[in-house]
Amino acid sequence: MWQKLYDAAVKVQNSRTISPFIDAGGVAAAILTKQGNIYVGVCIDTASSLGMCAERNAIANMITNGESQIDKVVAVMRDGKVGPPCCVCREMMMQLDKDSGDIEILLDLENQKVVKLKELVPDWWGYDRFAE
């Protein structure tokens, strides 16, 4: 499944300039939902910091299509290697669902190194709000 997600992200990556103010596709992401669907997204970098990371773009596509639970995440960097989501993306994923800490994130495709989101966000502040 990791290779399939990687390939889906690379397929949409296509680094490009949209305008003198916006670049897109330097980073791409693919997420696998608990329902078994794959959603992709690319980063959108703007001159005014109003852009969006690839992971959040993929999450927006997932939410638009009526889902909110992620199983796996792959982010492909400019050099073709995978890497962890930024802190903003980690936080957004944690807020999606009470079990989001169990989302698997690929850190190394070749060696199949995977971590759970809760390992990247230890002592997360919001667990109590899910209990309310």
Side-chain angles (χ1 to χ4, degrees):
M1 181 51 72
W2 290 117
Q3 187 65 52
K4 185 175 182 178
L5 289 171
Y6 178 88
D7 292 344
V10 168
K11 185 176 179 179
V12 298
Q13 194 163 19
N14 184 25
S15 184
R16 59 213 176 263
T17 298
I18 305 299
S19 77
F21 306 99
I22 300 174
D23 291 317
V27 175
I31 57 177
L32 175 69
T33 67
K34 294 285 186 180
Q35 292 182 8
N37 296 307
I38 295 173
Y39 296 97
V40 294
V42 297
C43 66
I44 302 169
D45 297 313
T46 69
S48 60
S49 301
L50 295 174
M52 179 184 291
C53 295
E55 298 90 335
R56 286 185 287 137
N57 194 335
I59 290 166
N61 286 331
M62 173 190 70
I63 290 171
T64 297
N65 283 282
E67 296 188 64
S68 61
Q69 294 180 314
I70 300 172
D71 187 41
K72 298 180 184 334
V73 176
V74 173
V76 180
M77 305 302 149
R78 292 181 189 278
D79 62 4
K81 294 181 182 178
V82 299
C86 75
C87 293
V88 173
C89 293
R90 295 174 195 187
E91 180 64 32
M92 184 175 195
M93 286 187 282
M94 287 298 291
Q95 291 185 27
L96 283 171
D97 184 78
K98 66 179 179 56
D99 296 322
S100 287
D102 292 327
I103 294 172
E104 293 181 328
I105 298 170
L106 184 66
L107 296 181
D108 183 338
L109 180 62
E110 183 178 325
N111 297 305
Q112 299 286 296
K113 182 177 180 184
V114 175
V115 297
K116 292 195 175 198
L117 180 58
K118 62 187 167 191
E119 295 174 68
L120 298 177
V121 187
D123 303 317
W124 184 61
W125 65 273
Y127 286 119
D128 291 345
R129 292 184 74 180
F130 280 116
E132 294 175 358

Please tell me whether [X] and [Y] are part of a single hydrophobic cluster in this structure, the criterion being side-chain heavy atoms less than 4.5 Å apart.
X     : Y      : answer
Tyr39 : Val27  : no
Ile70 : Tyr127 : yes
Leu5  : Val40  : yes

When rounded to the nearest 0.5 angstrom, what distance separates [atom1] in [X] from [atom2] in [Y]?
X      : Y      : atom1 : atom2 : value
Lys72  : Trp2   : NZ    : CH2   : 5.0 Å
Met52  : Ile59  : CE    : CD1   : 9.5 Å
Arg56  : Met92  : CZ    : CE    : 7.0 Å
Cys43  : Met77  : SG    : CE    : 9.5 Å
Glu119 : Ile103 : CD    : CD1   : 12.5 Å
Asn111 : Lys113 : CG    : NZ    : 9.0 Å

How close do [X] and [Y] get, counting heavy atoms only, and between which atoms?
X      : Y      : answer
Ala75  : Glu55  : CB-OE2, 3.3 Å
Asp97  : Phe130 : C-CZ, 3.3 Å
Pro84  : Leu120 : CB-CD1, 4.3 Å
Ala58  : Ile31  : O-CD1, 3.6 Å
Ala54  : Gly41  : CB-O, 3.5 Å
Asp108 : Val82  : N-CG2, 3.5 Å

Does a sphere of radius 6.0 Å around [atom1] in [X] hold more than 12 heavy atoms from other residues, nucleotides or ligands, not counting ones at 6.0 Å or beyond?
X      : atom1 : answer
Gln112 : CD    : yes
Asp123 : CG    : no
Phe21  : CZ    : no

Inset, instruction - Decide whether Gln95 and Trp124 meet the rule of one side-chain donor and one side-chain acceptor closer than 3.5 Å. - result: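 Looking only at side-chain atoms, Trp124 and Gln95 do not form any donor-acceptor pair under 3.5 Å.
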
Inset, instruction - Apply side-chain contact (heavy atoms from CB on, under 4.5 Å) to the pair Glu91 and Val88, showing each step before the final yes or no. - result: CA-CA 5 Å; Glu91 180 64 32; Val88 173; 5.8 Å; no

Using modelled atom types only, decide if a donor and an acceptor are shared between the side chain of [X] and the backbone of [Y] within a distance under 3.5 Å.
X     : Y      : answer
Thr46 : Gly51  : yes
Asp71 : Leu32  : no
Arg90 : Leu117 : no

Inset, instruction - Would you sort out whether Leu96 and Ile63 count as a side-chain contact (heavy atoms from CB on, under 4.5 Å), showing the intermediate values? - result: CA-CA 10 Å; Leu96 283 171; Ile63 290 171; 4.0 Å; yes

Legend entry - 4.5 Å side-chain heavy-atom contact, Gln69 and Thr33: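 No; the side chains remain at least 4.5 Å from each other.
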
Inset, instruction - Would you check, one step at a time, whether the test side-chain contact (heavy atoms from CB on, under 4.5 Å) holds for Leu109 with Gln3? - result: CA-CA 8 Å; Leu109 180 62; Gln3 187 65 52; 3.7 Å; yes

Inset, instruction - Please list, chain by chain and in numerical order, all residues satisfying side-chain contact (heavy atoms from CB on, under 4.5 Å) with Ala28, sequence neighbours excluded. - result: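 Scan of Ala28 (side-chain contact (heavy atoms from CB on, under 4.5 Å), adjacent residues dropped) gives Ala9, Val12, Gln13, Val42.
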
Legend entry - Reference residue Val114; test side chain to side chain contact (heavy atoms under 4.5 Å, CB included); the match among Leu106, Ile105, Val73, Leu107: Leu106

Inset, instruction - Run the numbers on Ile44 and Asn57 for side-chain contact (heavy atoms from CB on, under 4.5 Å), then give the verdict. - result: CA-CA 9 Å; Ile44 302 169; Asn57 194 335; 3.8 Å; yes

Inset, instruction - Go through the structure and list residues passing salt bridge (charged side-chain N to carboxylate O under 4.0 Å, His left out) with Asp45, not counting sequence neighbours. - result: Arg78

